[in-house]
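Values in this document were obtained by computation on a predicted structure and should not be read as measured data. Just so you know, ligand 1 is whichever comes first in the structure, and atom 1 is the first atom listed for that ligand.
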Amino acid sequence: MPQALLDKVLGTIRYGAATIPPAPGHPSPLVDVRAAPLLHPGGLCEIWLADAATEPGRAGPLHFRCSETLLFGCVELDEAQEQRAGRRASRGTPLQQAVTEAYDALLGVADERGYPHLLRLWNYFPAINAQSHGLERYRQFNVARQQVLLAHGRSATTGAPAACALGTAAGPVTIYFLAARDPARQIENPRQVSAYHYPPEYGPRSPAFSRATLARIGAQQWLFVSGTASIIGHRTAHAGDVAQQTEETLDNIEAVLAQANAAAAPGGFAIDRLALKVYLRDAADLDVVRARVERRARALQPLYLHADICRHDLLVEIEATASVASAS
Ligand code: 3EB
């Protein structure tokens with residue numbers, strides 16, 4: 001990449017075998033995230049570019065870069081280290097301690113630097129469906145996420161960012177995010193109960209995320225669609241049937257797009273113009289899911305990633321990002 005572009009990099013996410021060649025003279029390390037493994041050969045990098053030069057920064061475990069309008073950051077924390085550090089038991093299980101430390105850092109920087117509007121958070125951690133300390137780890141995560149948002153004076157319901165939470169095979173708790181100077185609009189899905197209003201059968205604290213956020217950034221409207229699954233109301237639909245779960249998930253994404261188009265001027269978000277990441281619990285489902293996804297949504301090559309989904313009966317989850325020129 002030419003230096004003029006490297007200077008504008010906010011963050012880089014690497015997938016599969018991709019490597020970023022070290023850029024001679026680059027002012028600081030690129031924020032570099034490796035999350036879930038790719039299910040197809042090769043590798044690629046997702047690079048978030050600002051429209052002007054970005055600045056690097058660090059705050060505790062958080063590495064970030066910022067432009068005039070956007071902040072991109074990433075935190076990786078080892079749960080075993082949290083435990084060794086012997087943090088206060090009031091911060092909960094080792095996973096909850098890591099999540100609290102990560103969110104403390106990112107919310108602190110977002111507020112101090114003046115990017116208080118969280119657009120999108122990506123959350124990855126091992127063994128998401130495993131039980132420990134008497135509670136499934138995804139549910140532990142939800143307890144810590146809600147508590148740390150409230151501790152920073154934020155809402156854990158309306159106004160929450162778009163997000164995803166996925167299980168990795170191993171490795172650190174990895175969280176990366178985009179935040180903005182200017183407010184975004186939250187979008188919900190009329191086919192689904194808002195996640196922050198899920199009833200207690202899904203855990204002691206509800207998941208604090210919105211179905212999508214819509215943000216004007218420069219001359220573009222950006223839409224960040226959260227991880228989306230085969231959930232109708234608050235219940236999983238089509239347990240055990242990955243093909244039907246894929247169709248229901250795409251129906252849910254279309255419902256979110258319709259809400260976004262009603263809120264955005266001039267709209268124009270369409271299912272065949274999205275950048276998709278498709279998470280599969282079982283690698284053997286790749287062909288079935290790919291056929292269904294690419295029949296309905298195939299402008300850009302979707303990424304297929306191997307990850308555990310946050311409910312044990314969900315086999316597939318799809319997230320989407322899109323931008324359209326905004327009306328001026
Ligand atoms: C769902 O709709 C499926 O906890 O941040 C999707 C997106 C899901 C984000 C999160 C969870 C999260 O409830 C799971």
Between [Y] and [X], is the closest basic N to carboxylate O distance under 4.0 Å?
X	Y	answer
R296	D251	yes
D285	R292	no
E254	R191	no

- In the hydrophobic cluster built from side-chain contacts under 4.5 Å, what are the other members alongside V143?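 The other cluster members (ILVMFWY side chains, heavy atoms under 4.5 Å, direct or chained) are L135.
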- Are Q220 and S323 linked by a side-chain donor-acceptor pair shorter than 3.5 Å?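 Yes, S323 and Q220 have a side-chain donor paired with an acceptor closer than 3.5 Å.
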- Item | Any donor-acceptor N or O pair under 3.5 Å, side chains N252, T228 |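 No, no side-chain donor-acceptor contact under 3.5 Å.
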Dump the pairs for me: ligand 1 N or O, protein N or O, distance under 3.5 Å, to 0.1 Å.
residue	atom	partner	partner atom	Å
ligand 1	2 (O)	Y198	OH	3.2
ligand 1	2 (O)	R211	NH1	2.8
ligand 1	4 (O)	Y138	OH	2.5
ligand 1	4 (O)	R145	NH2	2.8
ligand 1	5 (O)	R145	NH1	2.7
ligand 1	5 (O)	R145	NH2	3.4
ligand 1	13 (O)	Y198	OH	2.7

